[in-house]
Amino acid sequence: MSRGAAEELARIAEAAVAARGRFDLVLAGGGTPRRLYQILSAEYSKRIDWSKTHLFWGDERYVSTNDPTSNYRMAREALIDPLSQGGLLPPRGIDPANIHPMPTAAADPDQAARAYEQILRQQFGGAAPRFDLVLLGIGPEGHTASLFPGSSALAERERWVVAVRVAAQPPQRLTLTLPSLNGAENIFFLAEGEKKREIVSKLLSLKPGEETKYPAAQMQPRGRLLLFLDQAALGDRAGQTFRPD
Ligand code: 6PG
């Protein structure tokens, strides 16, 4: 699963840099993407032009960047630090100015969400974000980023980033909203393990246009939506092909 995602991510990165001179990548949090980030830092240090890569986050727990639950900390440990420790330093490595973590130091999470939206405005020239690739995980009840079933944030159509309180730990989060997520060219879902089999099966059984309470099912990028699964998450559907709609 992680290797498949790394290879496809590299292709998107190469195309984005060739076309626009930069690669705008949104990182997912949680545990699943860690292996992908390790593979990218170890085996794609030359294949991807990290000097032209901008890193954003799809959501963040409202904790210190040193907190063990911080999505930024996980990416720093699995991707950012290993790239520079592997000798990939500026100007060939990631420019620290191109690493855009969601701010979590302000007392007021809503202000932090607005501050991140300003960062997105700066990076995308005031227009709505057009990420080349958004990486997302899937929760067992169908949440993605920090958009949970029934959340009022799912109805947000103006703001690109909001503060939410969720039924998971830690509860205070910042998350991109549907307008900023679905403005992306590509979205990858990453799901592995037995625990994700049921939600993956439910998502794959949805008919096009079918009403659904699953936030993950509301991801509709401009280009491709790819699902990267391991056998445990795919279950007995292994070998089936899925219509690319
Ligand atoms: C987060 C993530 C969240 C995650 C899913 C899956 O901040 O927790 O953004 O959406 O991707 O909960 O988490 P695992 O990969 O740990 O199963």
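Note that ligands are numbered from 1 as they come in the structure, with each ligand's atoms numbered from 1 the same way. We're numbering straight along the sequence, starting at 1.
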I need the full list of salt bridge (Lys or Arg N to Asp or Glu O under 4.0 Å) pairs touching residues 23-40, with sequence neighbours left out, sorted by first then second residue.
R20-D24, R22-D24, R34-E77

Partners meeting side chain to side chain contact (heavy atoms under 4.5 Å, CB included) with S152 (sequence neighbours left out)
none

Heavy-atom contacts with ligand 1 below 4.0 Å: which residues, ordered by chain and residue number?
G29, G30, G31, T32, D59, R61, N71, G137, I138, H143, T144, A145, R173, K196

I need the full list of ring-ring contact (aromatic ring centres under 6.0 Å, His included) pairs touching residues 146-185, with sequence neighbours left out, sorted by first then second residue.
H143-F148

Around atom CZ of R121, are there more than 12 heavy atoms of other residues, nucleotides or ligands at under 6.0 Å?
yes

Taking only Lys NZ, Arg NE, NH1 and NH2, and the carboxylate oxygens of Asp or Glu, determine whether R159 and E156 approach each other closer than 4.0 Å.
no

Name the orientation class of the two ring planes belonging to H100 and F56 (parallel below 30°, tilted from 30 to 60°, perpendicular beyond 60°).
parallel

